[in-house]
Engineer: 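Quick one: this structure, given as structure tokens, is what I'll be asking you about.
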Amino acid sequence: MGRQMDIRRSCALLIGVLLMTTGAALSAAARAAEVNVVDAGGRTVSIADASRILTIGGDVTEIVYALGAGDRVVGVDTTSQYPPQALKEKKSVGYMRALSSEGVISVGATLVLASERAGPPEVIKTLKTTSTPFVEIADDNSPEGIARKIRLIAAAIGSERVGEDLARKVTARFAGLAELRARIKSPLRALFVLGVQNGRVLAGGRNTSADAILQLAGASNVANAANGFRPLTDEAIVELAPDVIVAMQRTGSSSDAHDLSQLFDLKGVQATPAGRNRRIVAMDGLYLLGFGPRAPDAARDLMVELYPELLSKVGSPAR
Amino acid sequence: MTTAADMPAERLEAGHPIGAGRLIACAAAALSIAAFLTLSIGATGVSLTSLPRVLWALTTADATIATAREQLVLIDIRLPRLLLGMFVGAALAVSGAMMQGMFRNPLADPGLIGVSSGAALAAIATIALGNGLAAPWMRSLGSYALPVSAFAGGMATTMILTAAVRRHGSTSLATLLLAGIALAALNMALIGLVAYASDDRELRDLTLWMLGSLSGASWPKVFAAIPFALLLAIAMPRLVRGLNGLILGEAEAFHLGIDVERTKRLIVLVASAAVGAAVAVAGIVGFVGIVVPHLVRLTAGPDHRVVLPASALLGAILVLVADTLARMLVRPAELPLGVVMALIGAPIFLHMVVKRRMAG
């Protein structure tokens, strides 16, 4: 009798210990699933569940999709133009600088990834007080900045390995781009034209994404005396004398062909080297100015258009 | 019940389709319904039925995640928005009523004498210079930089205006109106200059701000608005006699024993403080100041004992309704309040003007 009791007791003890250890192991696993990231605002955010993601900012959305987490996205903002299905399939919380607190909450995301540019500030403040983790992503279009954005987003959504691969790939492409750029002997003087309206040219000046992509592609921006996107007079265009005009082509808009030919009708443009040689490079605006993971490819494509002779020396681009 | 068609002509002429007391009672009832709806409608689907639970969690200080979310939506998002919406509507409508009474001009509006544009100019300069010249100012005030500068801009314009038109201690209303229009034009030109000099993102912010919105409503803003709401509530009954006297004309008001100069000064001060605060909270929201007092005068006559409080109530209702539409029509995003307000206000105004021409 006594021994039987002992056996039963030790069995019960064993089972109890087993249960406790598995329980502890399970809860440890649950804790391990919770990740901590330090966001662009310096806040440490712990994320337990990244199954329903709200992305705010075109670059943020593009990176999440590039990491293969597009199916986990439940909502985006109106600047999330690439990939095109993002805005078509997901809920839109509106323009990223005019968010509504309740609107953002109503999407029911378990993780919010928002560009630093998102606003208004009061709404962002309220959203940071909710129990849903809110990760701010830096607004940095430098090659290192894009890699940092990719790593932070990958850590937040628990796809670190894919993120590391993508960040390395982007960094390597930027490095390849820098090598190519070093071979350019005399940089072209380029004018970036965002659009033409009523015969007035809207050009990309200093501190614009247009200026950044021109620099990456190894061209010098003739309009960099102006800050931001600025309308230019005919006279100013003659004075700037660009060798080439880089223009934006909107995807799926039929009026563009007309828009671009209109450029050469302008007296000011006709008098420039670009106008005389009819040198115009038209590229998809979202691709060119998106500054997501595709930025090095966009810069390289632009570079190849600008300096076709580089291509013959290097061989076909590895794409 | 009589319809408008078989109503005696003299009643239409007198402009009292319904009694003053009944109008105020109806407006108060409608405001409480509008407030109730504003609190219970929203993108998240949190309704007022969760309010008892939220209040219980607030008092016992133990909240589950679900009640924390409901608490956030009801107490920290919708309630301050409701209170600020009522303040903005009441402030704009009462200021409009006062201006129209003072100028004896149905078109007078705080926007007309440059108060709104002065506030807008200061706010827009703050947005555009936020990363440059005004950066230290922005840093020290944080999210209050915008409201504080909007208010200061509105007050500064008013002070310049009153200083410019005062001569030998008296203010000519015609001069005040013309000088106000000139100042408003100057402010608009300066706004254009700032807009031209700002970059893409700032331009987008400026445009959105000019369209008005209550989406930045928060408790600190509610507390900041309270002194202005009190000022309005205290000044309103004190201005009734003066405004009623001014209906007859300045000389007649003077003969009735009204201190006309003091009344005019007080009206300009109170209206610009109220409008400056409203613009600071919500950006530019048009039409309230002009539609609401007209609606009240058409239904209850020109007596300011009725016009001022009824305008406050109706203005609050109009803003709450417009804001609820702004929040709900494109949820989870939202429309600018100023746009919704103009879409509602302009047809109402047009209808009123046409009806009045036919009646008169």
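Reminder, nothing fancy here: chain letters follow the sequence lines and each chain counts from 1. In this text the structure is predicted, and so the values were computed from the model without any measurement.
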Engineer: When rounded to the nearest 0.5 angstrom, what is the spacing between CD1 in I77(B) and CD in E102(A)?
Structural biologist: 6.0 Å
Engineer: Show your reasoning for whether side chain to side chain contact (heavy atoms under 4.5 Å, CB included) applies to L208(B) and Y95(A).
Structural biologist: CA-CA 10 Å; L208(B) 286 169; Y95(A) 178 55; 3.7 Å; yes
Engineer: Do P120(A) and S215(B) have side chains that get closer than 4.5 Å, going by heavy atoms?
Structural biologist: yes
Engineer: What part of L99(A) is in contact with chain B, defined as an atom under 4.5 angstrom from a non-hydrogen atom: side chain, backbone, both or neither?
Structural biologist: backbone
Engineer: For E89(A), does the CD atom sit with more than 12 other heavy atoms under 6.0 Å from it, leaving out its own atoms?
Structural biologist: yes
Engineer: Measure across S92(A) and P332(B) and return the closest heavy-atom pair with its distance rounded to 0.1 Å.
Structural biologist: O-CG, 3.3 Å
Engineer: Would S218(B) and E122(A) count as having a side-chain donor-acceptor pair, cut-off 3.5 Å?
Structural biologist: no
Engineer: May I ask you to name which of R81(B), R69(B), R78(B) has the most heavy-atom pairs under 4.5 Å with chain A?
Structural biologist: R78(B)
Engineer: Below 4.5 Å from any heavy atom of chain B, which atoms of V93(A) appear? Answer side chain, backbone, both or neither.
Structural biologist: both
Engineer: Is it the case that over 12 heavy atoms from other parts of the model lie below 6.0 angstrom from the CZ atom of R200(A)?
Structural biologist: no
Engineer: By a 4.5 Å heavy-atom criterion (distance strictly below it), what part of D76(B) contacts chain A: side chain, backbone, both, or neither?
Structural biologist: neither
Engineer: Among S100(A), A98(A), G228(A), single out the residue with the greatest number of heavy-atom pairs under 4.5 Å to chain B.
Structural biologist: S100(A)
Engineer: Determine, step by step, whether R204(B) and R97(A) satisfy the side chain to side chain contact (heavy atoms under 4.5 Å, CB included) criterion, reporting the C-alpha distance in whole Å, the side-chain angles of both residues, the deciding distance to 0.1 Å, and the verdict.
Structural biologist: CA-CA 8 Å; R204(B) 196 88 202 236; R97(A) 294 187 67 73; 5.6 Å; no
Engineer: Do V46(B) and I105(A) pass the side chain to side chain contact (heavy atoms under 4.5 Å, CB included) test, and can you show the C-alpha distance, the side-chain angles, and the key distance before you say yes or no?
Structural biologist: CA-CA 11 Å; V46(B) 173; I105(A) 293 172; over 6 Å; no
Engineer: Calculate, to the nearest 0.5 Å, the distance between atoms CG and OG belonging to L72(B) and S131(A) respectively.
Structural biologist: 8.5 Å
